[in-house]
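Letters go in sequence order (proteins before strands), and every chain restarts at 1. Please read these numbers as outputs of a predicted model, since none were measured by experiment.
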2 protein chains.
Amino acid sequence: MSSWATSSIETPTLAVSTVIFALRPNGDGCLQLATPLVRRIRAPFEGQWALPGGPLNTDEDLATSASHTLRDTTRLEPRYLEQLYAFGSVDRAGGKLAERVVSIVYWALVGADEADRAIQSENVQWFWADELPTLAFDHNQIIEYALGRLRNKIEYSRIAHVFLSETFTLAQLREVYEAVLGRELDPGNFRRMVESTGTVEETGERLAGTRHRPPKLYRATTITAGETK
Amino acid sequence: MSSWATSSIETPTLAVSTVIFALRPNGDGCLQLATPLVRRIRAPFEGQWALPGGPLNTDEDLATSASHTLRDTTRLEPRYLEQLYAFGSVDRAGGKLAERVVSIVYWALVGADEADRAIQSENVQWFWADELPTLAFDHNQIIEYALGRLRNKIEYSRIAHVFLSETFTLAQLREVYEAVLGRELDPGNFRRMVESTGTVEETGERLAGTRHRPPKLYRATTITAGETK
DNA sequence: ATAGAAAAAGTCAGAATGACTCTAAGTAGT
DNA sequence: ACTACTTAGAGTCATTCTGACTTTTTCTAT
């Protein structure tokens with residue numbers, strides 16, 4: 001093994017970035033997966049869109065760093081945050097950067113209400129997750145990977161309600177699943193699944209103002225211990 | 001946001017470590033999960049056992065770094081290697097270290113044959129995964145986390161055969177599952193499961209020299225595309 | 001030959017799943 | 001006030017999946 005007494009400039013820079021997902025209504029009034037991106041204001045990839053992120057602050061934990069950068073750049077405070085993967089290929093800057101950067105990437109979910117409060121500016125914009133432009137670094141692959149994780153995780157865990165506000169109807173919850181998975185679900189079977197897993201409970205209220213039978217309102221059951229896993 | 005023009009000594013050190021699993025026969029002749037650890041030869045935690053690992057080499061990818069460190073310290077060349085998690089709490093050295101270390105941890109599986117070829121010395125030893133001493137840093141928690149991942153992943157993917165040699169009987173494969181999951185499985189149901197998922201194929205050979213009906217030998221079917229996921 | 005042991009195939013009941021039907025309870029239009 | 005329309009919500013049914021179990025086969029050891 002080689003000596004490691006060389007100057008610490010040899011150590012790759014550590015960055016923390018986050019893939020944020022929200023469901024936003026598209027032209028058809030359907031919910032669609034969207035992700036906010038920020039425009040790079042310096043080389044390399046200046047002017048191109050990239051994941052929000054930044055260098056790891058020395059006195060911050062990884063997840064804390066992700067939250068803070070998110071708040072600073074997009075003003076978003078996600079309701080769900082989980083580590084996705086550490087990306088550290090030697091060539092991930094595509095030869096455009098002298099120093100090496102290892103990115104620890106998180107993924108996050110925000111509710112529709114929260115998503116509207118995000119900064120929208122020249123340099124921060126929402127994009128549909130399945131119609132992204134060419135992004136800086138390897139960020140296209142990273143978002144693709146995060147999408148896979150989200151689609152997989154929604155099937156076996158109870159994170160779907162994070163996209164909604166505190167109370168919601170089963171039809172709204174089903175809409176979340178349909179938007180994420182990209183296919184329609186049978187309303188009856190969906191109801192049976194949700195009720196059998198005990199992820200929601202009735203509030204006793206119903207949603208008024210619809211032009212049909214008023215649906216019951218539910219809330220997510222409080223999670224005991226580390227069940228989100 | 002604070003200025004980032006400070007010297008790069010502010011950047012945390014990046015280390016890559018690996019949790020290695022193998023199945024080794026214990027006193028009863030049963031297979032049991034074991035993991036090799038190395039003794040630390042410098043502060044902090046000098047003399048205590050720790051995961052094999054080391055600083056990230058600037059010109060190596062993360063997984064490559066994991067393999068190389070493994071080969072150098074334990075002489076093992078795992079047949080399966082996957083990123084586990086990036087651990088980077090500010091206090092993970094327990095106040096015993098001035099500089100901050102972020103560890104990108106991999107987990108690996110080695111076959112029983114390969115495991116025997118590992119270095120066994122004063123400073124490198126196999127431990128039963130469920131009877132570990134107190135390790136350096138947060139390595140006890142890391143191994144616990146890796147164990148959970150292994151147990152989870154063996155249920156939905158086809159990694160079990162990696163613990164065995166190229167050809168094996170269904171009884172041997174079942175033994176792997178039983179050792180990892182820590183419970184007995186019904187032989188008939190196990191056979192049905194394995195055959196229905198098409199993860200193995202007959203070699204045409206049978207294992208001779210048993211004191212009963214000779215079982216068929218199987219090999220793992222070759223995996224097409226990224227199916228291990 | 002016979003006993004013992006595990007391999008390999010088969011059985012069966014209950015749970016989970018997907019496709020589907022039927023009834024309830026609202027609104028909107030006339 | 002009645003009717004048409006729409007979705008909520010309950011229920012049905014056939015198929016598949018799962019776990020527990022039984023039976024038959026085929027080898028070695030004595």
Side-chain angles (χ1 to χ4, degrees), chain A residues 25 28-31 151-152 154-158 160-161 164 167-221, chain B residues 25 28-31 151-152 154-158 160-161 164 167-221:
Chain A
D28 309 336
C30 295
L31 293 182
R151 295 201 168 110
N152 183 248
I154 206 174
E155 299 240 48
Y156 67 85
S157 78
R158 40 170 75 182
H161 67 86
L164 301 168
T167 62
F168 46 83
T169 67
L170 287 193
Q172 290 169 337
L173 188 62
R174 180 164 48 83
E175 224 186 326
V176 170
Y177 275 80
E178 291 179 338
V180 170
L181 297 176
R183 64 184 151 93
E184 300 206 332
L185 300 174
D186 180 271
N189 295 340
F190 181 79
R191 168 180 301 273
R192 181 177 58 189
M193 181 273 284
V194 168
E195 283 174 348
S196 72
T197 54
T199 58
V200 299
E201 61 189 7
E202 297 185 14
T203 62
E205 312 277 301
R206 280 172 187 269
L207 181 65
T210 56
R211 80 188 79 117
H212 53 78
R213 175 174 174 176
K216 289 179 183 171
L217 280 170
Y218 294 81
R219 76 169 66 86
T221 51
Chain B
D28 309 335
C30 295
L31 293 182
R151 294 200 168 110
N152 182 247
I154 205 175
E155 299 241 47
Y156 67 85
S157 78
R158 38 171 75 183
H161 68 86
L164 301 169
T167 62
F168 46 84
T169 68
L170 287 193
Q172 290 170 335
L173 188 61
R174 179 164 49 83
E175 224 186 326
V176 170
Y177 275 80
E178 291 179 339
V180 170
L181 297 176
R183 65 185 151 90
E184 300 204 333
L185 300 174
D186 179 89
N189 295 339
F190 182 79
R191 168 180 301 275
R192 181 177 59 189
M193 181 273 285
V194 168
E195 284 174 347
S196 72
T197 53
T199 58
V200 299
E201 60 189 9
E202 299 184 13
T203 62
E205 311 277 301
R206 281 173 186 271
L207 182 66
T210 56
R211 81 188 77 117
H212 52 79
R213 174 175 175 176
K216 289 180 183 170
L217 281 170
Y218 294 81
R219 76 169 66 87
T221 51

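Here C/dC12 presents its P atom at 15 Å from CG of B/N189, a figure rounded to the nearest Å. Atom CG of A/L207 is separated from atom P of D/dG9 by 10 Å (rounded to the nearest Å). Taking atom CZ of B/F190 as the reference point, atom P of C/dA9 lies 15 Å away to the nearest angstrom. Atom-to-atom, CZ of A/R191 to C1' of C/dT23 comes out at 14 Å; the value is rounded to the nearest Å. The nearest whole Å value for the distance from the CZ atom in A/R211 to the P atom in C/dG29 is 10 Å. Whole-Å rounding puts the B/L217 CG to D/dC27 C1' distance at 15 Å. Atom CD of B/Q172 is separated from atom P of C/dA8 by 12 Å (rounded to the nearest Å). Atom CG in A/D186 sits about 15 Å away from atom P in D/dT7, given to the nearest Å.
Annotation: side chain of A/F168 is not in contact with side chain of A/E175 (no heavy-atom distance under 4.5 Å). Between B/Y218 and B/Q172 there is no side-chain heavy-atom pair separated by less than 4.5 Å. Side-chain contact between A/R174 and A/V194: absent, with no pair of heavy atoms (C-beta onward) separated by less than 4.5 Å.
B/T210 comes within 4.0 angstrom of the backbone, heavy atoms only, and of no base. Across all strands shown, A/A208 has no heavy atoms under 4.0 Å from either base or sugar-phosphate atoms.
If you check distances only, the side chain of A/R206 never reaches the base of C/dG26 with a donor-acceptor pair under 3.5 Å. With hydrogens and angles ignored, a donor-acceptor pair closer than 3.5 Å exists between the side chain of B/R213 and the base of D/dT25. Taking 3.5 Å as the limit, the base of D/dG9 and the side chain of A/R192 contain no donor-acceptor pair of atoms between them.
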Checklist entry - Taking it one step at a time, do A/M193 and A/L185 satisfy side-chain contact (heavy atoms from CB on, under 4.5 Å)? => result CA-CA 11 Å; A/M193 181 273 284; A/L185 300 174; over 6 Å; no
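Set against C/dA9, D/dT7, C/dA25, the side chain of A/H212 has D/dT7 as its closest nucleotide. Taking every side-chain heavy atom of B/A171 into account, C/dA7 is the closest of C/dA7, D/dA8, D/dA20.
B/F190 and B/Y177 have perpendicular rings, their planes meeting at more than 60° on a 0 to 90° scale where under 30° would count as parallel.
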